[in-house]
Amino acid sequence: MTGLALEAINVSKRFGDLQALDRVSLKLKKGGIHALLGENGAGKSTLVKCIVGFYTPDEGEVLLGEHQQLISNPRDAHDLGIGMVYQHFTLVPNMTVLENLVLARPRLPSIIDWNKERMAIAERMKGMPFQLPLDAPVNHLAAGEKQKLEIIKQLLLDVKVLILDEPTSVLTPDEADEVLGQIKDMARRTGLAVLMITHKFREVVLYADDVTVLRRGRYVGSERVGDVSVEKMSEMMVGREFSGTALAREPAADQGVKLAIDALTIEDDSGLPAVSNLSLTVKGGEIVGIAGVSGNGQRELVEALAGQRPTTGGEIRVMGERYRGERQELLRHRFHCLPEEPLRNASVSRMSVAENLGFRCFDRPPHSIGGFLRRRAINAYAQRLIAEFKVSPANTAIPIGNLSGGNVQRAILARELWDQPNVLVVANPCFGLDFTAVAEIHARLMAARNAGAAVLLISEDLDEIIELADRIDVISDGRLVYETTPQAADPIVIGHHMAGHAGEPHAH
Amino acid sequence: MPIALAPFLIPLSALLLSSVLFGAFVWMAGATPSDVYQSIYRGAFGTWYSWQNTLTRAAPLMLTALCTALPARLGLVVIGGEGAVVIGGLVAALAGIALLDAHPMVALVGMALASIIAGGALIGLVGWLRQARNVNETISSLLFNYICIAILNFLVVGPLRDPETLNKPSTHHIGETHMLGYLGDSSIHMGFAFGLIACLILWILYKHTTFGFAVDMVGGNARAARLSGLPVRKIMLLVTFMGGAAAGLAGMIEVAAVHGRANASLNAGYGYEGILIAFAARHHPLAIVPMAILFGGIRAASDLLQRNHDLPDATSLVLQGIIFVLVLASEAIYARMAAKSGYKS
């Protein structure tokens with residue numbers, strides 16, 4: 001099954017002063033996966049939005065199938081069989097899998113015959129690459145299952161072109177391999193054309209047939225994946241050879257335990273134990289990585305450490321003292337925390353960049369005196385931080401919510417890495433960032449470690465943990481179930497522990 | 001529209017449109033709109049006498065508007081100003097009666113403190129219910145209004161009634177010498193200065209202090225505030241307390257400067273009108289001052305409308321209502337502008 005499923009010809013799009021897309025072309029073949037590769041802001045999302053009819057290109061056109069049908073609005077795209085899975089979930093959390101699947105249909109009858117729908121969907125599920133329990137409420141599904149549900153939702157609509165926007169950013173390596181492998185099989189089998197936005201080379205090499213690279217809105221080129229090396233792709237993507245310099249890990253001077261968690265118990269929103277009797281210690285000059293599949297208590301653990309969630313048992317000690325997350329303690333011990341989703345967890349979107357950067361310092365001299373703010377001092381402080389961390393645009397007066405996701409991450413990272421942290425808790429710091437940003441963040445975390453910080457890194461990206469950590473713990477069902485070192489780490493063994501299959505290594 | 005001018009232009013256009021609609025209303029009621037507007041102007045701002053009337057009425061309105069505007073910064077919609085005025089006035093009268101023999105200054109300070117604590121406790125309770133029991137603050141503050149009014153009515157008709165008050169059951173008088181004085185030789189009582197100073201202090205507090213910064217953090221994203229170690233609960237309690245304290249003080253002013261006693265006149269809608277003023281001022285403490293004067297003027301002109309144009313008693317309420325609806329509707333324009341300016345690459 002070959003032939004073109006979709007073609008974009010010389011598509012250009014401009015927003016104000018910004019040329020988001022400049023004559024970009026792309027040919028999507030049937031029966032395979034086409035990767036769209038580029039850094040943050042390269043124009044990947046804009047191109048896809050032109051393809052699904054959300055934006056109208058200023059120049060150029062998007063044509064579908066052999067009949068070269070023109071797509072000019074989302075309705076067309078939908079009617080012609082283009083389906084998109086967004087990076088962020090678009091499911092209704094308190095409805096079941098079945099309800100979400102039925103809800104996705106564009107034309108619903110006024111009265112829904114649920115028995116009929118259930119039978120029809122159960123029947124069609126058999127042909128799907130993954131299976132899901134139809135009656136499970138979506139908010140009980142793990143991230144990987146939600147992603148599968150998003151994909152099934154589109155496949156049930158009989159799409160001919162499936163667009164995936166960074167589909168693996170919320171998945172574990174195992175889940176990512178499973179999802180992409182199954183989609184690739186399905187594409188081969190049914191002639192489905194898949195366009196996958198990504199910046200993970202591994203996925204491109206293993207699963208994609210073709211790759212198109214964008215850089216700053218320009219079309220750099222399209223290649224067969226087999227014909228092009230990773231080095232070549234990274235050069236196309238950033239315009240220079242990527243030097244994968246190893247991080248300088250300095251031998252740790254024994255600084256003593258700075259963060260100690262003792263028999264900590266935390267409940268989730270519904271009052272069920274999310275973390276049970278968890279103990280660990282982190283010394284100064286050490287990175288301890290906690291690996292695990294999302295939804296095994298990591299979120300609650302980070303929230304408890306960040307003071308966003310009460311604990312129900314055990315205690316946290318920082319620098320030898322009991323820690324409750326109060327401001328005085330936080331500043332005195334130089335306890336810093338970088339939670340995931342910084343816009344939701346660590347910043348106030350309507351406050352300015354300067355104000356957001358000032359969260360740790362606004363109530364101490366010279367940023368305020370006698371309870372009165374000195375905005376000039378806060379602003380000067382923020383200017384130093386954004387220059388050091390290259391936040392763009394370098395404007396401290398705009399609301400932080402107007403920055404792109406990567407730049408919000410940078411800004412919050414600047415705030416939390418400044419001032420030589422003693423203890424640094426970091427959760428999924430590189431979610432959805434491109435690889436130059438990832439490399440930079442990794443280098444900064446390593447630098448903080450080398451400067452004597454006790455770093456607790458909680459991440460769903462196992463590669464990241466193996467690269468950074470001095471010690472690795474695996475969390476499963478709210479307990480630490482396995483400990484190893486990066487030297488001895490075997491991803492397969494770790495994966496089994498992550499999945500909770502400790503005693504039965506072949507239960508996959 | 002340039003973004004910097006929006007906070008002025010949008011309410012102004014809402015006010016203009018309101019006056020057009022109100023003009024249509026009075027025309028249908030048989031009056032000539034231009035004459036009606038002339039009367040409103042004369043009754044509110046035409047002479048020194050009408051200015052004094054207007055400013056006297058604006059005094060409690062500034063304070064009750066703060067009761068809604070302060071918690072609004074935390075994202076809370078508190079509409080319990082009426083209850084706080086009533087309870088503040090009642091408690092102030094009790095304090096005044098208890099301090100009949102004290103020095104006037106002591107009596108006034110005692111009354112003010114009592115009203116601040118009572119009003120603050122009332123709305124502070126609303127804040128506590130919200131964060132400890134997740135009770136919607138709008139509903140609870142509305143219900144507290146009815147409870148406070150019922151308590152007032154019960155006490156002034158029953159146990160606390162001065163038997164000499166026949167037509168209008170009231171508490172005993174707090175003593176003529178203990179009444180709040182006037183500004184200079186005008187008939188504007190000191191309460192106007194209280195309101196003005198309160199708005200100014202709270203503006204400085206919100207705009208220029210670390211406390212205001214912390215309130216912005218809690219209101220903008222409580223999770224981020226907790227991450228920074230801020231005592232979110234304490235801040236919520238404190239802000240709701242301050243809002244209630246302002247409205248409670250308005251009740252004290254009504255008792256100590258106008259009526260001399262607590263009675264049903266405390267329940268004159270100042271609290272409800274404050275909600276409207278807070279929204280029209282977009283919860284900005286300084287913008288509350290001109291808005292309160294405008295609405296005070298409409299109140300002051302209300303008599304003249306009845307006398308000169310045969311318009312019903314509720315006419316000024318119609319004008320207030322139209323303004324409120326249009327001001328609330330114009331909020332949507334800000335949201336749309338924010339969405340447009342928030343373009344991300």
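Just so it is clear, the values below take in all heavy atoms, side chains as well, and ignore hydrogens, waters and symmetry mates. All chains are named by letter (A, B, ...) in the order of the sequence lines, taking the proteins before the strands, and each is independently numbered beginning at 1. All figures in this text were calculated on a predicted structure; none of them were measured in a lab.
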By residue number, those in residues 300-309 of chain A with heavy atoms under 4.5 Å from heavy atoms of chain B are A/Glu303, A/Ala306, A/Gly307, A/Gln308
Could you give me the CA-CA distance, side-chain angles and deciding distance for A/Thr396 and A/Ile386, then say whether side-chain contact (heavy atoms from CB on, under 4.5 Å) is met?
CA-CA 8 Å; A/Thr396 54; A/Ile386 66 173; 3.7 Å; yes
Below 4.5 Å, heavy-atom pairs only: which of A/Gly371, A/Ala346, A/Ser368 has the largest tally toward chain B?
A/Gly371
Can you tell me how far the NE2 atom of B/His283 sits from the CD1 atom of B/Ile288, to the nearest 0.5 Å?
9.0 Å
Identify which part of B/Ile204 has an atom lying under 4.5 Å from any heavy atom of chain A, answering side chain, backbone, both or neither.
side chain
Can you pull out every salt bridge (Lys or Arg N to Asp or Glu O under 4.0 Å) where at least one residue sits in residues 121-133 of chain B? Sequence neighbours excluded, please.
B/Arg130-B/Glu137
Select one option (side chain, backbone, both, neither) describing which atoms of A/Arg344 are under 4.5 Å from chain B's heavy atoms.
both
Assess whether a salt bridge exists between A/Arg218 and A/Asp22, defined as any Lys/Arg side-chain N lying under 4.0 Å from an Asp/Glu carboxylate O.
yes
With a 4.0 Å cut-off on N to O distance, would you call A/Asp363 and A/Arg327 a salt bridge?
yes
So that I can tick it off, tell me whether B/Arg73 and B/Asp216 are bridged by a salt bridge, with the cut-off set at under 4.0 angstrom between side-chain N and carboxylate O.
yes
Result for side chain to side chain contact (heavy atoms under 4.5 Å, CB included) between B/Ile79 and one of B/Ser141, B/Cys67, B/Ser140 points to B/Ser141
Would you please classify the geometry between the B/Phe213 ring and the A/Phe359 ring as parallel, tilted or perpendicular, with 30° and 60° separating the classes?
perpendicular
Using a cut-off of under 4.5 Å for heavy-atom pairs, which of A/His367, A/Glu355, A/Arg375, A/Arg415 has the most such pairs with chain B?
A/Glu355
Where on A/Arg350 is there a heavy atom nearer than 4.5 Å to chain B: the side chain, the backbone, both, or neither?
side chain
For residues A/Glu321 and A/Arg332, determine if any side-chain heavy atom of one lies less than 4.5 Å from a side-chain heavy atom of the other.
yes
Under 4.5 Å to a heavy atom of chain B? For A/Pro339 that would be side chain
